[in-house]
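Computed from a prediction, not measured in an experiment: that's the story for all the values here. Each residue takes its place number in the sequence, starting with 1.
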Amino acid sequence: MGIPEIFGSNVFSLAVMKERLPKNVYTEFVDVQENGGMLSSATADTIAEAMKNWAVEKGATHYTHWFQPMTGATAEKHDSFLTVPNEMGYTLLQLSGKKLIMGEPDASSFPSGGLRATSYARGYTAWDITSPAFVKEQSCGTILCIPTVFVSFTGEALDAKTPLLRSMQAVSKEAIRLVRLFGNTTAKKVAAYVGPEQEYFLVDRSKYLQRRDLIYANRTLFGAPAPKGQELDDHYFGAIRERVGAFMADLNVELWKYGITATTQHNEVAPAQHELAPIFATANVAVDQNNLTMETMKRVAEQHDLVCLLHEKPYAGVNGSGKHNNWSLGTDEGENLFDPGDKPEENLQFQLVLACIMRAIDKHADLLRESASDVGNDHRLGAQEAPPAIISIFLGDQLESLVKQIIGGDDELSTDVGGELDTGVSTVPVLKKDATDRNRTSPFAFTGNRFEFRMVGSRDNIAGPNTALNAVMAEAFADAADALEGAEDFEEACKAYIKKTMTDHQRIIFNGDGYSEEWVEEAARRGLPNIKCMVDAIPVLTHDDVVELFERFHIFTKAELEARAEISYENYAKQIGIEAKTMIHLAGKRYIPAIINCTTELAESVATVEAVGCDASVQRARLEQITGYLKQAEAALDNLTKIYQETDALECIACMAKDYRYKVIPAMDALRAPIDAVELMVNKDSWPVPTYGDLMFEV
């Protein structure tokens, strides 16, 4: 089968619905999907029956409401299509409209941040009709998956999807107000579009199973660097290894079945690191598809005796993995609001949109930083591989020049910075240059007709960052519309608003090297926040301006934000707690005993050599050095155990998270250092686990 036959074959798409549903039912569904509202019970029943029949034809035996609780993963409970046998003993397969639309999982068993007590368990899943149902073919059978939201009995959002959908409604409403100012009377809504680039590592499964730190913590907690890392830049875009290529080929087929437009695949910078990128989709569909992509990557990897690592920093000393979130806004008529056109100096609407972007990102830089926070990302952000922890906007030469001219009050705006590029090779065509270069050190970079939010972690659910982006833009659009609606001379009022907004928020623009120390100092002078870790970012969720923002557009209530802060602290504490316990376990049971064995063998070697009157100074020096590291490791293990126990006993979850960050992590680093040093000094066969070289170069 070719791509056209494979693509979307496991999706209950609009095309499938049009083919299988009565015309009036299909028309009602599309109307509700595009304009909102409620499906009639008769229509829901008809759709449910058609969906069930389609899934059964695909081999499905069960269905599930597929949702995204605040665990960082997806959730599903499988229910059979079977019904109670009738009087003849026959069992029918059934899915009612009621069961299609609503389910009831246990809300108290998922993180709620105190919104749901254990004694109050009821929660609801509700069908998100804007994201298509699909079937998953897995070892437990073929399952019909119905994308849903997840809310409590009292209506609070207990998932990542509900706030995202609320934010999409908010930014659409306010963006429509803005385009109306420029005479567009026909567009009905503005959609957020997202294309997430997914980075990941692959490791041989047999070696993975020998690394308990990878199993428990998803990253290596010990490990000395291999003699070769990424220094030669020879892995990036290099020829794909046969085994990896076979994985990629199968992965593509599985993703295409789900209608996921996986188009780009290549080797990334670090050894055994790779990237997959899809074409844009509406934000909620992109979120669903990215979660499904991560699940599928793990499943297909196992079929090839590989393991897919989605942690942001599985190996120290080489590049970590991100998920570049390409984001834009466009009308239902196909107009991209972030497209400057051929002459942005004459495009007043784009200039206003750009001013709103500058205002939104500058005003809420701390919120965007928080939206990209997770435990693994703390190891990545700010390093020489990923955007710094300081939020700034890269616009490129063309738009930066335009902004400067507007701020300077130039009467005649010009953005002629393009041109041609002659390679000097007669057989190579002269290239038309883009209007701007790219800046890979920027956390929020303009790339032609979209912005690339590069801070997002590789295993993150992108719903959070896109909820934040949509929200801050809704506020900026709303404030602009409030200021300009009813203006007597709209063009003059608009130009004045653009100039003032760009002037007030120009500090957020930075086109230079985001990795440099000079930028850190310059950002401090500009007053830009530099939030260096997740624990320090969490309090942003309950800042007054953030609460006001989200409540204004009905995206989060204050209680929901407080709950998410509580969950974030808890997740941080639990994950670092797991890492600390894993290090204590491995150091005490594997590494230190292995080092003791090495010193014992060395001591015996020294005694043997000296007994025959030979010089054993080299062996003795090595023995003394390793013994010194052994003492350091033992002392560090005792210290980590003590600090972990003290931290784990704290009752305040925020206090616990902070102590894990500022006390436990330094103690973990102190334990790792001597053990990694010994790894480089002993016989490889004596070392109890596969090394970095084994993990990254033997895939």
Side-chain angles (χ1 to χ4, degrees), residues 5-68 74-105 122-138 140-151 159 161-162 165 256-260 282 284-285 288-289 292:
E5 292 77 24
I6 295 171
F7 192 81
S9 58
N10 282 356
V11 181
F12 194 66
S13 63
L14 283 177
V16 174
M17 295 178 78
K18 188 173 184 178
E19 180 181 298
R20 289 174 172 261
L21 295 175
K23 185 175 181 180
N24 65 314
V25 171
Y26 176 78
T27 300
E28 181 182 341
F29 175 84
V30 171
D31 180 64
V32 172
Q33 186 183 63
E34 292 182 352
N35 303 311
M38 298 288 292
L39 293 173
S40 67
S41 58
T43 292
D45 283 337
T46 302
I47 294 174
E49 180 68 12
M51 188 183 294
K52 180 264 297 181
N53 290 339
W54 170 82
V56 169
E57 290 171 17
K58 294 285 182 181
T61 56
H62 292 69
Y63 70 95
T64 182
H65 276 191
W66 188 71
F67 60 102
Q68 300 166 30
T74 58
E76 52 193 65
K77 179 188 72 171
H78 302 167
D79 289 305
S80 171
F81 291 123
L82 290 175
T83 60
V84 177
N86 61 21
E87 64 277 5
M88 300 296 293
Y90 297 118
T91 299
L92 301 177
L93 303 182
Q94 187 179 59
L95 175 64
S96 67
K98 182 178 179 180
K99 289 183 178 180
L100 168 64
I101 290 174
M102 189 179 75
E104 187 189 334
R122 194 183 297 276
Y124 298 112
T125 50
W127 181 27
D128 172 18
I129 69 169
T130 60
S131 188
F134 56 92
V135 293
K136 284 205 297 188
E137 300 164 328
Q138 47 195 37
C140 62
T142 300
I143 312 298
L144 169 64
C145 297
I146 304 163
T148 62
V149 301
F150 179 40
V151 296
D159 65 342
K161 189 77 169 293
T162 303
L165 293 173
W256 291 337
K257 288 180 182 178
Y258 294 132
I260 298 173
T282 54
N284 64 315
V285 173
D288 286 355
Q289 291 185 343
L292 191 54

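The shortest side-chain heavy-atom distance between Gln68 and Thr74 falls under the 4.5 Å cut-off. Within the 4.5 Å cutoff, the side chain of Thr130 has no heavy atoms near those of the Val285 side chain. Here the side chains of Ile47 and Val25 are in contact, with some heavy-atom distance below 4.5 Å.
Each of Thr125, Asn284, Asp128 was scored for a side-chain hydrogen bond (donor to acceptor under 3.5 Å, both in side chains) with Lys161, with one residue passing: Asp128.
Here CG of Leu100 is found 11.5 Å from CD of Glu49. Values are rounded to the nearest 0.5 Å. Atom NE2 of His78 is separated from atom OG1 of Thr64 by 5.0 Å, given to the nearest 0.5 angstrom. Remark: Cys145 SG to Tyr63 OH distance equals 12.5 Å, nearest 0.5 Å. Between the NZ atom in Lys52 and the NZ atom in Lys99 there is a gap of 12.0 Å [rounded to 0.5 Å]. The line from CZ of Phe29 to CG of Leu14 is 6.0 Å long, rounded to the nearest 0.5 Å. Here NZ of Lys58 is found 5.0 Å from OG of Ser9. Values are rounded to the nearest 0.5 Å.
Asp45 places a side-chain N or O within 3.5 Å of a backbone atom of Gly97 that can act as its donor or acceptor partner. For Glu28 (side chain) and Ser40 (main-chain N/O), a donor-acceptor pair under 3.5 Å exists by modelled atom type.
Taking each heavy atom of Gln138 and Ile143 in turn, the nearest pair found is NE2-CG1, 3.8 Å. Of all the heavy atoms in Glu137 and Tyr258, the pair that sits closest is N-OH, 4.2 Å. The shortest non-hydrogen separation linking Met51 to Ala133 is SD-CB, 3.9 Å. Taking both residues in full, the closest heavy atoms of Phe81 and Ala55 are given as CZ-CB, 4.4 Å, listed atom of the first, atom of the second, then distance. Pro132 and Pro147 get closest at one heavy-atom pair: O-CG, 3.4 Å.
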**Asked** Should Leu144 and Trp54 be marked as a side-chain contact (heavy atoms from CB on, under 4.5 Å) after you check the CA-CA gap, both sets of side-chain angles, and the distance that decides it?
**Response** CA-CA 9 Å; Leu144 169 64; Trp54 170 82; 4.2 Å; yes

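Checked against side chain to side chain donor-acceptor pair (under 3.5 Å), Thr46 has no partners two or more places apart in sequence or in another chain.
Trp66 and Phe134 have perpendicular rings, their planes meeting at more than 60° on a 0 to 90° scale where under 30° would count as parallel.
Side-chain contact annotation: His65 with Thr148, donor-acceptor N/O pair under 3.5 Å absent.
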